[in-house]
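Accompanying notes for the structure given below.
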Amino acid sequence: MKLFYLKHLLCAFLIFSFFNVNAQDVSRYPLVPYPSKLKAGKGAFIITAKTKITAASQFKGEAEQLNELMSKALGTKLAVSKGAAPIKLVYREEISQPEGYKLIITRQQLIIAAKYPAGIFHAIETIRQLLPVSIEEGIVRKQLSLPAVTIEDHPAYEWRGMHLDVSRHFFSVDYLKKFIDRLALYKMNKLHLHLTDDQGWRIEIKKYPLLTEQGAWRTFNNQDTACMKKAADNPDFTIDKEHIIQRDGKTLYGGFYTQDEMRGVVAYAAARHIDIIPEIDMPGHMMAAINSYPFLTCNGENKFGELFSKPICPCNESTFEFAENVFKEIMDIFPSKYIHIGGDEVDRSDWAKSEACKALMQREGIKDLPALQSYFINRMEKFFIANGRKMIGWDEVIEGGVTKSAIVMYWRTWVPDAPVKAVKNGNTVIMAPGEPLYFDNQPDQYTISKVYHFNPIPKALNQEEAKSIIGAQAEIWTEMIPSEKRADYMYMPRMTALAENLWTSSPDKYDSYTKRLVKQYARMDAMKIHYRLPDLPGLLNEYVFTDEGKLSISKPLPGLIIRYTNDGSVPEVNSPVLPSPLIITKPQQIKVAAFTSSGTRGDIYTLNYTQQHMLGAVKIAPPKPGLVCSYYKAYFKATTFMKDAKIDSTFVSDKIAVPATVKAPSFGIAYRGYIDVPADGIYSFYLNADDGAVLKIGNSVTVNNDGNHSAQERSGQIALKMGTHPFALDFIEGGGGFTLKLRYSVNGSEPKEIPAEWLKH
Ligand code: ACM
């Protein structure tokens, strides 16, 4: 081999080993997010109570933060020395990224280098993840061992955010601090607090004391009672008691942050390089304020319209005076350069009836109600700019026209061109689409992968335009999240997938991430995070058996115990342990759930077992390839309504998928024909649809995934003899999702696409 080639091969190998994550790296460096560059080292750096630190003058605060970590682990702080020391926090001009850092750990020393304090802070969180998880419980040891490594790291996106709705249900200052600590651990840097909404006003405003005296408290509403109902089967839905009070003989739910408390939270976050962005949602979502200050409306009424609550009135100067006074105090509490004004879901119908609005629209040449909303938003933005702040609004703010300087937060998945329009209008955009970033949506076995692989850059943008997308954020709306435990369950661990996604850009380490996540679970246990346990693998909704069925479930994490019931009750810590396998000889419903050693229960799975005879094949005239498909261009609430509708067109298809040519937002497709299976067996079918779909084989429903919903998979089985069987699949799309996927497995094999040659008519 010529030396030239050898050099190239060596070079390729070095690049490969620098960027690839091998199994040893996963266990030695279980870091999330994974660093931009990591080079494994040999040996370890040992820290004892005698090890010293030295820090560049601008990093004295960070040296103290490192020392806090050390004292959690060693029970004592390390001496900070002016001279040489093995732990060094050094200033490096050339590390120019605002949050970038370099970490060099050898047997002899630990060097943390950055240009800015945020970089040093992220390096400290990296070190935290390299230390034993027991430090999170304050378990002290005599010496610490850090694996040797060289890391060069910086984030791909400047906005790596989480949102928390503290209005629908309230969360304490202590919980906010815990939340911030978890964001910091995974290098997230923005916390968007949704402080006000119809259901509660949560921040003290001194000029308008009734906002919290009255607006922070409510008698239980329909969301509270819905949670109480669910609590019967799942204790996570029990409303946290600390937010329930007795006043004047009434039981009230609520709470608010005083300005001093919130300043404390802001400072706590700032020390962790997390910016808190306050949202005071207006002109809609203002019922809690209007209750106390009815002058804010156009007509004094405070109620729900068809979809949303009635907003404040943008046509009275008193509204602007109120809004500016509120935001003046908000800006005084929150130093963030961003202030969120909401601007979503406004029922503008009362504005049209108001004399004040008619006069204003005529005077200002405002042509319609969206433009009237823009008048309000744009005028408020001027006020923000005059105070040195940037305004963020939910993506509805672009509907009536918005200035280029406003920042648009995209959430409406069903309006996919909204972020593209905003970017082309010149706005900066933060991606926060409901799918997959509304973390209040029930997670399933696909959620983590979807979050990990979510691309914040819409396909329609070119490279230059893509720069206007500054990052992404996930939301936690809390209508149905009445407790800290339920909140933990909803955002953990999927936040770690978002963290790696946004830190890394086009992350391609999913396999290694899932292995590193197993290590992170141990840290989350030590931090007492009530995270969602990993899914039990390979379970179906509906099972069939002919003579006897066998159920065995492999544990997704070591240490979990799987328990079951077959009397309709919910599995509890004392329910029987699932044998491997459980033999099924009669039709029944089985419920299974995993439990941790401390008794935390994972999701409950309901498995229905039905006894069947093998379905005999049918004889058909010489079959033609593919299924006959009928296309209905209409909106359906459920697939059952398709049978009465008019067929728009028909075509033949040899696969179950939405044809690329279908563009209508709402439609239905009926697939009809036969499925030709090559052998006798118990066939499982996995039907993933957004919106609904129903699969019938023979004459019976095999998978029912009907209704209007986001992408979800349901599965079922049927016992089939070799040969052709009648096949019917109905699919409806309400608007936006376009997901339709059918896979099969036989006698427990891995799920696969249905081969084209199996489909006939
Ligand atoms: C929203 O979900 N209304 C922003």
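Whatever order the structure lists ligands and atoms in, that order sets their numbers, starting from 1.
Residue-to-ligand polar distances place D344 within reach of ligand 1: an N/O pair is separated by less than 3.5 Å. At a 3.5 angstrom cut-off on N or O pairs, W411 does not count as close to ligand 1.
Remark: E435 engages K450 in a salt bridge, criterion side-chain N to carboxylate O under 4.0 Å. Checked for salt-bridge contact, E484 and K178 meet the test: a charged N lies under 4.0 Å from a carboxylate O.
Residues N222 and T225 bring no donor and acceptor atom of their side chains to less than 3.5 Å of each other.
When the heavy atoms of W394, Y410, Y438 are ranked by distance to atom 1 (C) of ligand 1, first place goes to Y438.
Atoms of ligand 1 lying under 4.0 Å from any heavy atom of W477, numbered from 1 in the order shown and given with element: 1 (C), 2 (O), 4 (C).
Remark: R272 is positioned above the aromatic ring of Y268, its terminal NZ or CZ atom under 6.0 angstrom from the ring centre and at most 45 degrees off the axis.
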